[in-house]
Amino acid sequence: MSTRNRLDLEPDTVERDLVKLVLTVVELLRQLMERQAVRRFETGELTEEQEERVGLTLMLLEDRMAELRERYGLRPEDLNLDLGPLGPLLPRD
């Protein structure tokens, strides 16, 4: 077996890759929740109190995501999986 075909199974690498995958899923869900909240804001479905609570929750989630990315040395763009012909998983800003 050539060295090119071997997997790097170092504990630090496995942990970082697992964190990257989990954070990618959480980021996808965060963006979906944010878009849904914006739609609900625009249609007037939420009370002012609900708008504040949703906004605060999304800000806290974004802050926590930034902390976790920093802890594991990840940039926001590291969480955007390339799906080949389908393009990136997350929309690019």
Side-chain angles (χ1 to χ4, degrees):
M1 176 183 239
S2 75
T3 56
R4 259 182 30 187
N5 294 332
R6 290 189 186 161
L7 293 175
D8 184 7
L9 296 177
E10 294 296 319
D12 292 339
T13 303
V14 171
E15 179 182 1
R16 185 175 185 272
D17 289 345
L18 180 60
V19 167
K20 181 179 174 182
L21 179 60
V22 169
L23 290 179
T24 297
V25 171
V26 171
E27 178 61 16
L28 177 62
L29 293 173
R30 187 195 67 75
Q31 287 186 19
L32 292 172
M33 288 177 2
E34 188 174 88
R35 281 188 233 133
Q36 179 66 23
V38 168
R39 272 192 290 256
R40 293 182 74 192
F41 291 158
E42 290 173 349
T43 60
E45 291 179 43
L46 301 175
T47 66
E48 199 171 301
E49 182 182 310
Q50 289 171 323
E51 286 181 8
E52 283 184 39
R53 196 170 60 229
V54 168
L56 179 60
T57 300
L58 290 172
M59 285 187 329
L60 291 172
L61 180 56
E62 190 170 347
D63 288 347
R64 186 66 176 130
M65 288 288 294
E67 289 172 19
L68 290 168
R69 282 193 316 267
E70 186 176 323
R71 177 187 291 173
Y72 288 94
L74 298 167
R75 300 166 301 159
E77 53 271 16
D78 293 333
L79 305 182
N80 200 357
L81 300 177
D82 181 4
L83 301 176
L86 298 175
L89 176 66
L90 304 170
R92 293 192 173 121
D93 295 329

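All figures in this text were calculated on a predicted structure; none of them were measured in a lab. Just so you know, these numbers use all the heavy atoms, side chains as well, and skip hydrogens, waters and symmetry mates.
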Side-chain donor or acceptor of Asn80 paired with backbone N/O of Glu77 under 3.5 Å: no
Phe41-Met33 co-clustered via ILVMFWY side chain contacts under 4.5 Å: yes
Consider only side-chain heavy atoms of I, L, V, M, F, W and Y, link residues closer than 4.5 Å, and tell whether Val54 and Val38 are in one cluster. no
For a quick check under 3.5 Å, do Thr43 and Glu45 share a side-chain donor-acceptor pair by atom type? yes
If hydrophobic clusters are built from ILVMFWY residues whose side chains come within less than 4.5 Å, do Leu18 and Tyr72 share one? yes
Does Glu34 pair with Arg30 as a salt bridge, N-O distance under 4.0 Å? yes
Mind checking the CD-CZ spacing from Gln50 to Arg53? Nearest 0.5 Å is all I need. 6.0 Å
Whether the side chain of Arg16 engages the backbone of Gly73 through a donor-acceptor N/O pair (distance < 3.5 Å, no angle test) should be reported. yes
Residues Gln36 and Arg39: side-chain donor-acceptor under 3.5 angstrom: yes
With sequence neighbours excluded, residues passing side chain to side chain contact (heavy atoms under 4.5 Å, CB included) with Val26: Val22, Leu61, Met65
Look at atom CD of Glu67 and say whether more than 12 heavy atoms of other residues, nucleotides or ligands are closer to it than 6.0 Å. yes
Could you tell me if the side chain of Leu79 sits less than 4.5 Å from the side chain of Leu74, heavy atoms only? yes
Hey, is Lys20 close enough to Asp17 for a salt bridge, meaning N to O under 4.0 Å? no
Contact between Glu27 and Thr24 at the side-chain level, heavy atoms closer than 4.5 Å - yes or no? no
